[in-house]
Amino acid sequence: MATFLYRLGRLAFRRRRLVLALWIVVLAAVGVGAVKSPGTSTDDFTLPGTQSQNAIDLLGKEFPQASADGATARVVFEAPSGQKLTSDGNKATIESLVADLKTAPQVANASDPFANRQVSKDGTIAFAQVTYKVSKADLTDAASEALNQVAEKGEKAGLEVSLGGNAVQEKSSSKAAEMIGLVVAAFVLVITFGSMLAAGLPLLTAILGVVAAICGITVATAFVDMSSASTTLALMLGLAVAIDYALFIVSRYRGEIREGHDPEEAAGRALGTAGSAVVFAGLTVIIALAGLSVIGIKMLTTMGLAAAFAVAVAVVIALTLLPAMLGFAGMRIMKGRLTTKRLRAQERGEGETMGVRWGRFVTRNPVKMLVGSVAVLGLLAIPAMSMRLTLPDDSMAAPGSTQRAAYDTLSKGFGEGFNGPLTVVVDARGSDAPKAAAEDAYTAVSKLPDVAAARPAVFNEAGDVALIGVVPKSSPSSESTEDLVTAIRDQSAGLRADTGADLLVTGTTAVNIDVSAKLGDALLPYLAVVVTLALILLLLVFRSILVPVKAALGFLISVVATLGVVVAVFQWGWLKDVFGVSEAAPIVSVLPIIMVGVVFGLAMDYEVFLVTRMREEYVHGAEPTEAIVSGFRHGARVVTAAAVIMIAVFAGFLLDDTALIKSIGLGLAAAVLFDAFVVRMTIVPAVMTLLGRRAWALPARLERILPNVDVEGEKLRHTLEAQQADGPGGVEPEPVAPTPLHRG
């Protein structure tokens with residue numbers, strides 16, 4: 001692979017105008033496609049095989065008028081201070097608004113608050129339940145606009161009107177997160193390279209790559225339903241890894257030039273060495289993210305595939321457009337005096353860098369550093385033991401949003417349970433007495449302790465399937481509501497024995513509980529798959545048994561510690577004001593699995609970029625401890641810069657209003673902090689110091705079986721050294737054109 005990338009780097013460098021022109025054509029094509037794409041998204045959670053989904057499927061056949069899988073909205077009305085909604089004027093206004101809702105596009109039904117007892121006891125709060133004929137993904141702009149117009153009309157009449165439910169469109173998030181990440185990245189790159197030109201290339205190629213990826217994802221929305229968080233996750237990851245990959249290659253390119261190679265040769269060697277690591281690191285992220293599709297939840301699948309696509313684009317950009325841009329920059333990339341005198345001296349090989357001093361410190365105190373680091377991460381991991389999972393609802397909407405206002409108003413007027421009603425389905429198709437079965441079910445459910453209200457059974461036309469509406473006393477995401485759903489389902493066995501009927505629970509709250517439970521159950525198997533993958537890939541890269549095991553264990557420690565931090569902030573509420581969290585709540589259920597996939601890829605990034613240099617030095621004859629220090633000499637500064645950039649990009653998404661994006665931002669920023677600085681730059685050298693030569697040991701039989709992927713470019717280096725020893729008459733390693741390796 002290294003030889004292929006070497007030739008690719010030289011080709012892109014030499015044919016830079018053609019490469020740039022091809023990328024401009026690609027960007028123009030996907031840009032036009034994105035403009036013409038509908039760009040719709042959805043957050044619907046469906047999980048075939050769960051009881052809630054089975055009930056929805058049954059309702060779709062037996063109660064087609066109920067639109068069980070259709071979008072829903074709640075229009076919440078609150079009277080002005082000192083007034084009641086039951087007054088003639090306010091009542092007439094609300095009835096007029098409900099009439100408008102019933103005739104709005106795609107609406108199946110809109111309930112009258114006064115006819116359906118949807119007015120609070122004090123008469124100040126009421127709501128209309130709106131059911132649509134289509135799912136959220138199929139709602140038209142006209143339907144959304146009609147809903148907003150009803151709210152505006154009610155506000156003009158003096159009422160306070162707020163909208164909740166999945167039919168309400170989210171406002172587009174702020175772009176401040178991306179801007180903060182880019183500003184910090186630019187600052188770090190300038191410090192790292194001391195050159196505006198060298199700093200600008202990673203930023204330029206990263207931005208172009210992210211634009212191409214986001215446009216491609218937008219085009220895909222014309223063919224598949226994408227999660228609304230897919231684009232944000234793809235942007236977050238694509239921007240971070242694209243800058244990092246370009247940073248590693250540009251840094252290696254500058255290093256090759258300092259060793260006396262001409263720019264074209266330096267570009268080839270940079271791609272053959274750092275480019276190989278980029279390919280492997282990108283591949284690990286892509287595989288882990290694409291693996292989310294095996295869980296079987298469409299939202300996770302689209303988020304994983306979209307983010308994997310963005311990472312793939314970042315890799316391709318780094319391997320093609322970046323060397324072409326290096327061709328345009330030439331030797332000017334070495335110019336720039338924005339560094340301190342000390343850093344310039346270190347670049348000339350004078351004095352020791354901070355990375356070298358840190359490496360020597362860790363290798364002199366391996367036991368203390370190992371025990372201390374593991375203890376700190378272990379303490380941070382403690383909150384993860386109490387993690388509870390849920391799916392986002394209107395209680396997690398941004399403070400001040402109409403969804404949050406609707407949730408809080410309903411809670412004030414009717415109790416928190418009104419925000420998460422349950423639909424109990426009595427399937428009496430196998431019963432001799434359907435009505436008696438439904439009555440028994442209603443009686444049993446009504447007596448459960450957490451039930452605030454229950455609506456008597458309503459039958460379908462055939463009279464063999466009934467619906468019972470249940471309102472819990474507790475909020476949709478509370479543990480009490482989960483227990484209530486379990487208690488209702490536990491009644492099914494007794495009902496079946498007595499009447500032959502089955503009892504099913506569905507509704508948005510029940511679906512969320514089922515999906516969260518499924519995701520929780522899938523976390524450990526998915527983690528096992530990812531760790532196994534890590535062991536296999538690292539075994540191929542480092543040709544060692546202990547290095548992959550050490551890397552996988554470090555990854556597990558950083559993941560658990562990160563989950564502990566997320567639980568402490570979002571679930572326990574620690575420092576929630578600092579991080580902009582409005583109130584404590586269970587963890588969004590997709591977060592742990594997304595983090596496992598993403599953090600795995602990022603952990604392997606730093607493992608590869610740092611440890612390959614250590615292995616390279618060890619293969620060249622350095623003692624194990626000195627190889628570790630040499631790895632820090634060549635890689636610590638670049639890995640530090642890459643980690644700081646990633647932390648800045650991810651932390652910037654804490655400014656997003658969406659709970660899922662905010663938690664992903666904090667989780668990934670913490671994960672990079674722990675994995676880069678605690679695991680890879682502290683625990684890894686400490687463990688490798690204690691292992692000594694055993695770290696690189698590989699059984700002879702396994703040595704013969706394993707293919708040599710040559711990620712560090714060792715075979716390429718030997719080939720080029722042999723060619724140099726042969727002199728001008730030597731044979732170049734399969735060049736793409738009869739151009740000599742050196743020009744002077």
Side-chain angles (χ1 to χ4, degrees), residues 63 65-68 70-133 143 146-168 394 402-424 442 446 451-459 466-473 476 507-509:
F63 286 88
Q65 72 278 9
S67 299
T72 60
R74 279 186 169 181
V75 183
V76 183
F77 306 98
E78 185 171 9
S81 179
Q83 298 184 26
K84 292 190 175 183
L85 297 178
T86 51
S87 66
D88 292 341
N90 289 333
K91 183 178 180 180
T93 298
I94 292 174
E95 289 176 339
S96 174
L97 295 175
V98 171
D100 291 343
L101 288 171
K102 289 181 177 180
T103 59
Q106 298 180 302
V107 170
N109 185 46
S111 63
D112 185 336
F114 303 102
N116 291 274
R117 298 180 181 179
Q118 293 167 186
V119 181
S120 64
K121 291 181 180 180
D122 61 4
T124 61
I125 296 173
F127 69 92
Q129 186 74 25
V130 184
T131 306
Y132 288 86
K133 301 174 184 177
L147 189 63
N148 292 329
Q149 286 178 355
V150 166
E152 292 174 3
K153 189 175 179 180
E155 294 279 358
K156 290 180 180 178
L159 302 176
E160 293 184 24
V161 185
S162 51
L163 305 174
N166 62 6
V168 182
D394 287 346
T402 186
Q403 295 96 323
R404 183 61 177 273
Y407 183 95
D408 293 341
T409 304
L410 278 178
S411 297
K412 181 173 67 174
F414 301 93
E416 288 188 307
F418 260 80
N419 286 289
L422 304 174
T423 301
V424 179
Y442 172 73
S446 300
V451 173
R455 188 179 65 242
V458 177
F459 280 90
L467 297 181
I468 300 174
V470 176
V471 177
K473 293 179 181 178
T508 301
T509 300

(message) Testing the basics here: between A406 and N419, what is the closest heavy-atom pair and its distance to 0.1 Å?
(response) O-OD1, 4.3 Å
(request) Please test N90 against T93 for side chain to side chain donor-acceptor pair (under 3.5 Å), starting from the C-alpha separation and ending with a verdict. (result) CA-CA 5 Å; N90 289 333; T93 298; 5.2 Å; no
(request) Please name the pair of heavy atoms, one in Y132 and one in A167, separated by the smallest distance, quoted to 0.1 Å. (result) CE1-CB, 3.7 Å
(request) Verify, without hydrogens or angle tests, whether S96 (side chain) and A92 (backbone) share a donor-acceptor contact under 3.5 angstrom. (result) no
(message) Within the 4.5 Å heavy-atom criterion, are V107 and T131 side-chain neighbours or not?
(response) no
(message) Under a plain distance cut-off of 3.5 Å, with no hydrogens placed, do N166 and T508 share a side-chain donor-acceptor pair?
(response) no
(request) Determine the minimum heavy-atom distance between A146 and P105, stating which atoms define it. (result) CB-CD, 3.9 Å
(message) Measuring from atom CD1 of I125 to atom CZ of F418, what distance do you get when rounded to the nearest 0.5 angstrom?
(response) 11.5 Å
(message) Are the side chains of I468 and T423 in contact, using a 4.5 Å heavy-atom criterion?
(response) no
(request) For the pair K473 and V451, evaluate side chain to side chain contact (heavy atoms under 4.5 Å, CB included) and give the outcome as yes or no after the intermediate values. (result) CA-CA 6 Å; K473 293 179 181 178; V451 173; over 6 Å; no
(request) Would you sort out whether S111 and Q118 count as a side chain to side chain donor-acceptor pair (under 3.5 Å), showing the intermediate values? (result) CA-CA 9 Å; S111 63; Q118 293 167 186; 2.9 Å; yes
(message) Are L163 and Q403 packed together at the side-chain level, in the sense that at least one heavy-atom pair is separated by less than 4.5 angstrom?
(response) no
(message) To check you understand the geometry: which heavy-atom pair defines the closest contact between P472 and A452, and what is its length?
(response) O-CB, 3.7 Å
(message) Using a strict threshold of under 4.0 Å (side-chain N to carboxylate O), is an ion pair present between K412 and E78?
(response) yes
(request) Look up atom CD in Q149 and atom CG in L97, then write down how far apart they are to the nearest 0.5 Å. (result) 11.5 Å
(request) Could you pull out the closest heavy-atom pair between A73 and L147, with the gap in Å? (result) CB-CD2, 3.9 Å
(request) Could you check if a side-chain atom of V76 sits within less than 4.5 angstrom of a side-chain atom of V161, using non-hydrogen atoms only? (result) no
(request) For the pair S120 (side chain) and G413 (backbone), establish whether a donor and an acceptor sit closer than 3.5 Å, ignoring hydrogens and angles. (result) no
(message) In the structure I gave you, are the side-chain heavy atoms of P113 and V98 within less than 4.5 Å of one another anywhere?
(response) yes
(message) Just so I know, are the side chains of I94 and L159 near enough to count as touching, which here means a heavy-atom distance under 4.5 Å?
(response) yes
(message) Is the shortest side-chain heavy-atom distance between V75 and F77 below 4.5 Å?
(response) yes
(request) Indicate the atoms forming the closest heavy-atom contact of Q129 with T72, along with that distance. (result) NE2-CB, 4.0 Å
(request) Would you mind reporting whether E416 and Y407 have side-chain heavy atoms less than 4.5 Å apart? (result) yes
(message) For K153, is there an ion pair with D100 - N to carboxylate O distance below 4.0 angstrom?
(response) yes
(request) Inspect the surroundings of NZ in K102 and state if more than 12 heavy atoms from other residues, nucleotides or ligands are less than 6.0 Å away. (result) yes
(message) Can you confirm whether the side chains of S411 and D408 place a donor and an acceptor under 3.5 Å from each other?
(response) no
